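Indexing begins at 1, ligand by ligand and atom by atom, following the structure's order. When reading the values below, keep in mind they use all heavy atoms of this one structure, side chains included, and skip hydrogens, waters and symmetry mates. Not measured: the values here are computed from a predicted model.
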Amino acid sequence: MKDVNIREEAGKLNAQLVEWRRHLHAHPELGFDTVETAAFVVERLGEMGVTEIRTGVAKNGVAAVIRGDLPGKVLGMRADMDALPVREETGLPFASTVDGRMHACGHDAHTAMLLGAARLLTAHRDKLKGAVKLIFQPSEETGSGAPAMIADGVLENPKVDAFIGLHTGNFWTGVDAGEIGYSNGPLMAAADMFTITVTGKGGHGATPHRTIDPIAIGCQIYTTLQTIVSREISPLAPAVLTIGTFQSGSAGNIVPPDCVMKGTLRALTAETRKELQDRIRGIVEGVASAMRGSASVEFHYGPPPTTNAPEMTAKLLRAAGAVVGPEHVREVDEPTMGGEDMAFFLEKAPGVFFFHPSTFGGGRDYPHHHPKFDLNEDVLWTGTGTMAQFALTWQDD
Ligand SMILES: [Zn+2]
Ligand SMILES: [Zn+2]
């Protein structure tokens with residue numbers, strides 16, 4: 001790759017990346033309804049001379065192929081495109097033009113950075129082995145966009161052999177803007193939701209002995225569930241079990257017939273994830289039955305843990321080092337218990353998902369999904385550069 005300087009080319013592209021990101025930021029779309037965003041992507045790709053474009057993948061996803069002049073394998077390069085139902089409060093000149101919707105997770109930047117990588121790669125088809133398949137994905141925030149695209153055949157024709165993707169923002173610590181963060185183990189957690197329904201027997205509040213009180217059962221279930229993480233899962237295995245809603249009843253003198261709780265669980269390994277699920281089911285059913293009622297739990301399975309293939313991580317270190325300098329490629333301090341549906345792609349082929357820190361520092365950084373979330377646009381080029389450099393070099397050995 002002596003005669004191609006991606007670091008320099010990506011740097012020169014930053015103003016363009018900012019322009020694209022601001023346009024997308026001003027026009028956020030939710031879930032699978034990324035109609036305008038997909039159209040914007042297709043238009044930009046067309047300008048770059050990309051002709052092999054499939055639209056309408058899982059409703060509004062886009063898959064585009066850039067073929068290199070040299071023989072080789074196919075790299076799937078993924079960016080998510082969806083925003084969130086958040087009312088923006090940044091006051092930025094390019095703030096959301098749609099009330100109640102905001103790019104509060106940085107997916108606008110992901111889309112812009114992948115377009116930038118496409119721009120660089122179309123200029124270097126003569127150096128590109130095999131092909132890249134650009135995957136612009138809707139509905140990451142629901143955790144359902146990636147599996148929907150897979151079900152719609154995005155990994156076929158041509159078949160994808162490996163993956164790369166990134167998340168920008170301030171999720172992880174240990175790396176600063178301008179650097180690239182990686183993890184040798186899991187980077188993000190499995191994230192499942194669940195609904196517990198407790199069924200008792202309603203009646204008069206003055207005659208509890210003639211009822212089966214679902215609130216009393218629900219409280220015992222809630223309390224006992226807390227012992228899964230504290231008393232059953234290994235203290236060396238990160239796990240989260242949160243009950244976020246607890247609903248029952250209609251009046252102070254009525255024992256209601258049922259009670260519903262909703263929660264989420266997070267784990268960094270498949271084993272811990274299964275253990276959590278099994279024990280939730282056991283406690284829910286056991287406690288309810290011990291108290292004369294019944295209860296069931298329904299799981300809504302989200303993404304598995306996001307775990308990188310070691311050989312792909314090694315290739316990422318090399319590519320990122322060429323762009324930001326090896327001393328600026330750092331392992332993140334610890335994984336996050338947030339979920340990421342990129343994990344569904346990484347189940348299908350080896351790949352690497354990396355962290356692109358776009359922090360401001362100095363107290364200016366708000367959490368992801370916050371109405372004031374923003375990101376440092378000066379470093380967009382490092383994400384674009386790392387992706388493009390990876391695509392040009394991952395088959396070198
Ligand atoms: Zn998010
Ligand atoms: Zn996100």
So, of the N/O/S atoms that His107 has, which is the nearest one to the Zn ion (ligand 2)?
NE2
Taking everything shown except Phe94 itself, do over 12 heavy atoms lie less than 6.0 Å from its CZ?
yes
For a distance under 2.8 Å, tell me if Glu141 has an N/O/S atom near the Zn ion (ligand 1).
yes
Could you tell me whether the side chains of His356 and Thr382 share a donor-acceptor contact shorter than 3.5 Å?
yes
Is there a donor-acceptor contact under 3.5 Å linking the side chains of Asp365 and Thr359?
no
Decide, counting backbone as well as side-chain atoms, whether His369 has an N, O or S atom less than 2.8 Å from the Zn ion (ligand 1).
yes
Could you confirm whether His110 has any N/O/S atom lying under 2.8 Å from the Zn ion (ligand 2)?
no
Pro303 side chain reached by Met188 side chain, heavy atoms, under 4.5 Å:
no
Is it true that some N/O/S atom of Cys105, main chain or side chain, lies under 2.8 Å from the Zn ion (ligand 1)?
yes
Side chains of Thr306 and Glu340: do they bring a donor and an acceptor to under 3.5 Å?
no
